[in-house]
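What you see is a predicted model; the values in this text were computed from it and never measured. Each chain gets a letter, A, B and so on, in the order its sequence line appears, and its residues count up from 1. Values reported hereafter were calculated over all heavy atoms of this structure, with side chains retained and with hydrogens, waters and symmetry mates removed.
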Amino acid sequence: MPVELRQVENLPDAASPALACLALACVVAAPAAGWQGATAGGGPLREMGRAIEAAERSLAAGEPQVAESRYRTALYEGWLLLGSVAERAGDLEGAEAAFGRALVSVVENRSARIAQAMVQAKLGRPDEAEVLLRSLIAEDTADHESRRLLARMLADAGRVGAAVQELEQLHYLTPGNAENGYFLATAYLREGQVGKAQALLDELAETIPTPQTWVLIGRTYRDAELYERSRAAFGRALEMDPAVPRAHYYLGTIDLLDQGRALLDSAIEQFEAELELDAGDAMTHLYRGIALVEMRRYEEAIRSLEIASALAAVRADANRFLGRSLLALGRTEEAIAALRRGLEAADGAPDSRSLSEFEARQISSLHYQLAQALRESGRAEEAEGHFEAAKRYHARSAESARESLDRYLASETAAATFEPTATSGAEDGSSATAAEVEALRASLSTSLARVYFNLGVLETRSQALEAAIGFFEEAERLDDDLPQLQYSLGAARFAAGLFDGAAPALEKALEAAPESADLRRMLALSWLNAGEPLRAADLLAGDPTRESSPQLQYAYGLALVRGGHGAEAEEIFKGLLAENGTWPELNVVLGQAHAQQGDYPRAVEFLERAIALDPTVGEAHSTLGEIHLRRGDLDLAEAALRAELRSHPEDERAAFGLATVLDLNQRPEEAAALLRSLLVRHPELAKGRYLLGKILLARGAAEDATEQLEAAAGLAPGDPMIHYQLGLAYRELGRPEASRHAFEMFRALKREEG
Amino acid sequence: LKRRSAAVCLAVAAWVWAAASVGAQTSPVEALREAAKLGPLERDAALRLAALELAQGNAEAAAIQLRSVIERFDSVHARFELARLEARRGDNSQALAYLGEALKIAPNSEDLLSAYARVALAVDAPVTAIETLEALTRMHPSSADYFYLLGVAKFEIAESNGAVEALGRALELEPDNSRALIARGLVFNFLKRYPDSQASLQRSLQLMPGNVDALIALAEAEVGLGDLAAAERSVQRALELAPEAPAALYVVGRIRMEQERYGEARDAFVRSAALDPGSSKTHYQLSLAYARLGDAESSAEHLERYRVEVRREQARLSDLLTRAGVGVSGMGGVGG
């Protein structure tokens with residue numbers, strides 16, 4: 001289990017307006033969501049797990065930059081894996097999306113670029129793939145892998161000449177590199193330039209004079225359908241070492257490819273010679289088995305096909321031929337079992353959307369034979385379903401579904417590219433069933449979600465709420481059930497003032513922890529600020545600590561007022577005042593509320609009480625100043641606003657109010673100076689620019705005034721008074737047309753205002 | 001009221017954080033200093049003492065603690081803090097070195113990458129900055145600031161189209177980013193795309209009336225558009241605010257040249273060149289003005305100065321690329 005965040009129940013009393021910060025503090029204090037020991041198993045998640053563990057160690061050591069970097073590495077590894085899994089499952093669009101995420105996770109993203117290029121090529125967008133690969137080659141002209149992949153991709157896209165050119169350049173840049181020479185030789189063969197290829201392959205044999213080199217050369221000629229050269233190469237290999245692996249195997253396949261059924265006996269001899277060297281080689285057993293089936297020597301074929309069926313990569317085919325043999329021998333039930341295993345193995349292969357013709361034929365054939373076997377065993381109804389499936393898959397292939405050895409081999413060589421392909425190998429991810437693939441994808445998504453979650457916590461610690469929310473949202477997209485995720489997301493949005501978004505997340509968190517009073521309170525405040533006062537009131541009504549908590553009681557009263565339950569609210573506020581008359585902020589809020597309703601005497605009473613309790617309480621003096629201004633008492637207004645600015649010099653509202661008062665009090669110079677200083681700090685303040693423009697215009701500085709007024713109009717285009725002043729300014733400047741236009745705007749906006 | 005309740009909440013949040021930092025500053029610095037005299041402090045204590053020393057203006061004492069943490073704990077965080085300290089002290093090269101070391105350990109940290117890019121720009125290493133900013137813009141595609149910096153860095157190496165693209169992206173993300181608008185206006189001027197420049201700069205001036213750089217660049221665009229009256233108004237406004245701005249004097253010279261008032265043009269260019277003797281374009285214009293005035297000798301002299309400055313600028317660019325390990329053939333990769 002992941003390490004749990006600090007329990008919400010352990011929060012300090014959250015029944016205060018500071019609930020957000022307290023909740024956020026909880027997120028900040030949260031230890032990272034732990035890694036579930038992925039490194040222990042040594043599975044495909046190992047690299048990701050290592051990165052996460054390193055990140056957690058760095059976090060514990062007080063190294064946030066290292067932690068972030070490692071978490072990003074974990075994201076990179078995770079997305080790469082997810083992309084690979086998707087690609088193997090045939091979901092190329094999913095793979096592209098995952099590799100795209102890997103690309104933007106870290107600085108050094110070479111593997112992701114290569115993987116993305118390969119997927120784009122498969123998706124039929126070789127131009128995009130080429131751009132990616134060329135970006136890698138531009139960074140390192142001797143990047144062998146990228147250039148080889150580019151060559152392969154170009155060749156696959158039919159641009160064999162361009163592919164050869166790339167490999168020639170690589171060979172030129174790395175003259176002694178035998179591997180690059182080999183790839184160039186395969187490219188020449190593909191282009192039909194046998195002489196050039198031979199020169200390079202001979203050079204390779206000279207550089208690395210081993211029998212294995214000749215096996216490789218023989219295989220290369222075989223794939224180019226140059227069978228005599230191929231036989232000669234394998235002959236050289238066997239001369240050098242009669243026990244060299246794979247030589248007999250390839251010779252057997254050449255017999256089949258070159259002469260088809262005519263050389264079945266010879267092929268079987270070669271496979272058996274290979275088996276003398278390695279009795280357990282599954283691929284050799286497969287070909288031996290298939291060749292024997294072709295010769296209707298079913299009894300002999302069975303043992304080889306059973307051994308071959310252990311190899312996941314060919315399990316479907318081994319069972320297909322095994323089923324066919326068993327059926328021919330009248331061992332119907334065993335045949336049915338084998339064919340079912342074959343279908344099961346085929347089911348784990350790429351999904352039907354991206355089945356190749358060969359794969360479609362293979363599955364069709366499995367269904368067909370199974371249907372026959374079932375019919376023979378008297379299960380006609382079940383057989384019917386498989387006949388239907390066989391037809392469906394058959395329709396997907398252009399050719400007959402009848403299995404044949406030469407077609408099987410042809411499919412193998414058709415897959416051969418410039419690079420040698422493994423014809424036998426260990427179990428890998430491609431052998432997983434669809435269910436296993438899905439489980440791996442889900443597991444990776446959850447792991448990635450945890451990493452995003454931890455990055456969110458990290459950003460919260462450095463007060464970067466916007467970034468934190470972004471990471472929490474990423475985590476939510478991947479796994480919205482992650483423990484503590486909804487709580488952290490809600491708390492972060494709450495602290496950022498994004499109440500509309502906070503409420504749904506907190507609501508989900510509350511579903512998971514319905515007993516949490518703190519969550520309930522935070523959700524109530526979110527609803528209150530998100531314009532859903534009655535939902536807030538509902539939540540707060542039953543809060544057992546509400547009556548003992550002035551902050552909660554205040555929020556409850558506010559919710560009732562906004563929800564249209566004024567009478568109940570009045571009782572709440574009366575009670576609050578009776579018990580918390582010394583709470584300065586409460587008096588300020590009540591003063592503001594009365595001022596909004598035009599009840600200035602009561603407003604002044606509350607505000608003066610607030611100031612008496614705390615002369616520096618925020619917004620008390622400025623609200624008083626605004627009231628005095630509305631009443632036309634400019635001297636009192638000025639004094640109050642100056643008092644606010646003494647305690648809170650950054651208060652933009654108070655500064656603007658004071659500038660307005662000074663202007664009205666015939667002190668435009670002072671007002672203009674104050675406004676200029678205010679606009680340095682708040683260049684977006686339209687009303688400040690408007691007032692400054694108006695003052696400048698009155699002083700005859702029409703050009704300067706115009707600048708300010710134009711800026712104000714840009715910031716607040718819907719304010720008619722700005723256009724009116726602009727009209728005056730343009731008139732002063734002798735720009736009648738602009739002036740006329742500004743006045744027209746003024747009138748139009750006024751009409752809109754009604 | 002709604003505004004207020006949200007404001008109260010946020011204010012308290014700010015207070016919580018502020019209280020935490022105030023707490024840090026009022027902790028017993030003397031006790032930590034005394035402890036440090038007895039031997040190297042534990043990692044966290046040393047970092048705390050460094051923060052306290054810095055808060056009290058004792059940069060060197062803070063640096064000693066940070067260096068000690070780096071040496072003993074190989075700390076990236078300490079390197080980052082020390083880089084910030086060095087940058088504040090004006091030693092950007094040292095800051096860049098510390099950040100480079102830190103990035104070797106934590107190559108994907110946004111803090112480090114961002115600081116590295118900014119410092120690289122400050123030490124005239126735009127190619128390094130570009131490489132870093134290209135990674136940052138990829139990893140943080142919603143940050144307008146990184147695209148803006150990328151645009152500036154690309155313009156530094158005269159990759160104007162790349163600069164326009166990056167600045168355009170910054171403005172898509174933040175349409176009212178006045179710094180990006182001004183920078184894009186400058187690049188458009190360089191590309192002689194004067195209508196685009198004028199639009200960009202006028203918008204920037206709506207947002208930041210009286211910005212001298214924007215006014216000068218606008219005047220230059222207006223000269224390019226042949227609207228000499230507008231150019232005159234813009235440049236005079238700039239000169240009111242910054243009478244010694246060489247770029248403004250250069251534009252005055254350009255206007256006078258267009259007006260065929262060659263003597264006044266020469267005087268403006270001479271003043272501009274005196275304030276910014278390394279400006280190749282000023283020497284070029286001076287050579288033209290002297291030629292028009294019939295002073296072939298001075299014209300030739302300034303034409304030569306122009307050539308020298310152009311060669312120097314090219315050498316600087318080449319040096320920048322070489323220092324960054326990027327040859328001419330690699331430019332596509334850098335700029336791409």
Top contributor to chain A interface from [options] [non-hydrogen pairs under 4.5 Å]:
options: B/Ser143, B/Gly210, B/Pro107, B/Pro141; result: B/Pro107
options: B/Gln206, B/Arg203, B/Arg138; result: B/Arg138
options: B/Asp176, B/Leu136, B/Leu207; result: B/Leu207

Report task. Check whether more than 12 heavy atoms from other residues, nucleotides or ligands sit under 6.0 Å from atom CD of A/Glu652, and answer yes or no. Result ->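 Counting other residues, nucleotides and ligands, CD of A/Glu652 exceeds 12 neighbours.
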Requested in this report: Return yes when atom CD of B/Glu42 has more than 12 non-hydrogen atoms of other residues, nucleotides or ligands closer than 6.0 Å, and no otherwise.
Outcome: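 No, CD of B/Glu42 has 12 or fewer neighbouring heavy atoms, counting only those of other groups under 6.0 Å.
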Query raised in the report: Would A/Glu63 and B/Arg43 pass as an ion pair if we require N to O under 4.0 Å?
Result: yes
Heavy-atom proximity to chain B below 4.5 Å, by part of [X]:
X: A/Arg134; result: neither
X: A/Ser58; result: neither
X: A/Ala467; result: neither

**Report entry** Spacing of OG belonging to A/Ser462 relative to CG belonging to B/Asp111, to within rounding of 0.5 Å
**Finding:** 6.5 Å
Query raised in the report: At what distance, to the nearest 0.5 angstrom, does CG of A/Asp704 lie from CD of B/Glu240?
Result: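 Output value for this atom pair is 7.0 Å.
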Report task. Heavy atoms only, distances under 4.5 angstrom: which of A/Val66, A/Thr73, A/Val106, A/Leu715 has the most pairs with chain B? Name it, please. Result -> A/Val106
Requested in this report: Let me know if B/Ala106 has heavy atoms under 4.5 Å from chain A in its side chain, its backbone, both or neither.
Outcome: both
Query raised in the report: Checking heavy atoms, do the side chain of B/Leu47, its backbone, both or neither come under 4.5 Å from chain A?
Result: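 The answer is neither part of B/Leu47.
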Taking C-beta and beyond as the side chain, do [X] and [Y] meet within less than 4.5 Å on heavy atoms?
X: B/Pro209; Y: A/Arg689; answer: yes
X: B/Met139; Y: A/Arg72; answer: yes
X: B/Ile105; Y: A/Gln65; answer: no

Requested in this report: For the pair B/Arg237 (side chain) and A/Glu703 (backbone), establish whether a donor and an acceptor sit closer than 3.5 Å, ignoring hydrogens and angles.
Outcome: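 Not confirmed, B/Arg237 side chain does not pair with A/Glu703 backbone.
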Query raised in the report: Just by modelled atom types, is the A/Val107 backbone N or O under 3.5 Å from a matching donor or acceptor in the B/Asn108 side chain?
Result: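 Flag set: sc B/Asn108 to bb A/Val107 pair under 3.5 Å.
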